[in-house]
Amino acid sequence: MEIAKEERIIMAIQWGLWCLFPLSAFVEQVRYTFLKPLGYLLLIFSFVLFIVANKAHGSTNKLKLNASPMPNSSAKLVTSGVYAYIRHPIYSSFIQMSFGIAFLIGTSGSIALAIISLIFYYFKSIYEEKLLIQNYPDYNQYKERTGRFIP
């Protein structure tokens with residue numbers, strides 16, 4: 001499979017997962033309302049993490065972020081700020097956002113979607129890291145000293 005096709009498939013899955021969250025609110029009537037406070041906390045933390053990661057990325061590269069796993073050949077490897085602790089802080093923020101939304105919706109379907117989202121971003125990060133290793137010779141050293149989604 002060529003890289004462009006793989007990238008389109010990854011992007012379609014990613015956006016498809018996000019589109020399913022609103023639908024999960026209507027799948028069943030059982031609500032886990034006790035999860036709502038945690039949902040709000042996760043959403044707040046995910047937005048803060050996304051902003052901090054975006055700022056760290058922008059201070060090293062004057063390029064806009066994009067959802068594609070394909071590394072930009074003109075970008076530098078970002079290892080400062082939050083990236084000094086987490087290799088994929090934006091994916092981490094999306095995972096936290098998924099669970100935050102799932103806990104606010106409070107259905108089994110929404111929680112299942114959040115778990116699927118976690119699995120998706122895990123495999124997306126593995127795929128992206130294979131490409132990053134090819135672009136940045138020192139990526140393996142960076143990988144050894146930082147966590148994937150949490151410090």
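We're numbering straight along the sequence, starting at 1.
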Between [X] and [Y], is there shared hydrophobic-cluster membership here, with clusters defined by ILVMFWY side-chain heavy atoms closer than 4.5 Å?
X	Y	result
Leu104	Phe34	yes
Trp18	Ile13	yes
Leu17	Tyr91	yes

Distance in Å, [X] [atom1] paired with [Y] [atom2], rounded so as to fall on 0.5 Å steps:
X	Y	atom1	atom2	answer
Ile126	His88	CD1	NE2	9.0 Å
Leu38	Leu43	CG	CG	9.5 Å
Asp138	Thr79	CG	OG1	7.5 Å
Lys124	Glu129	NZ	CD	12.5 Å
Tyr121	Ser125	OH	OG	11.0 Å
Phe47	Ile51	CZ	CD1	8.0 Å

Do [X] and [Y] have side chains that approach each other closer than 4.5 Å (heavy atoms only, starting at C-beta)?
X	Y	answer
Lys55	Val52	no
Ile111	Leu35	yes
Ile119	Phe123	yes

Which atom names give the shortest non-hydrogen contact between [X] and [Y], and what distance separates them?
X	Y	value
Ala53	Val82	CA-CG1, 3.7 Å
Leu77	Tyr136	N-CE2, 3.5 Å
Phe120	Ile10	CZ-O, 3.4 Å
Tyr122	Arg148	CE1-NE, 3.6 Å

Non-neighbouring partners of [X] that pass side chain to side chain contact (heavy atoms under 4.5 Å, CB included), sequence neighbours left out:
X	value
Thr146	Arg87, Tyr142
Tyr85	Pro151
Pro137	none
Asn140	Ile133, Lys143

Review point. Can you list every pair that meets salt bridge (Lys or Arg N to Asp or Glu O under 4.0 Å) and has a residue in residues 39-49, with sequence neighbours left out?
Key: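 For residues 39-49: none.
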Counting only pairs under 3.5 Å, give me each side-chain donor-acceptor contact of residues 92-101, with atom names and distances, residues two or more places apart or in other chains.
{"residue": "Ser92", "atom": "OG", "partner": "Gln96", "partner atom": "NE2", "Å": "3.2"}
{"residue": "Ser92", "atom": "OG", "partner": "Phe149", "partner atom": "O", "Å": "2.8"}
{"residue": "Ser93", "atom": "OG", "partner": "Ile90", "partner atom": "O", "Å": "2.7"}
{"residue": "Ser98", "atom": "OG", "partner": "Phe94", "partner atom": "O", "Å": "2.9"}
{"residue": "Ser98", "atom": "OG", "partner": "Ser117", "partner atom": "OG", "Å": "3.0"}

Check your understanding: For Tyr127 and Glu6, what are the C-alpha separation, side-chain angles and deciding distance, and is it a side chain to side chain contact (heavy atoms under 4.5 Å, CB included)?
Key -> CA-CA 10 Å; Tyr127 175 75; Glu6 288 176 346; 2.8 Å; yes
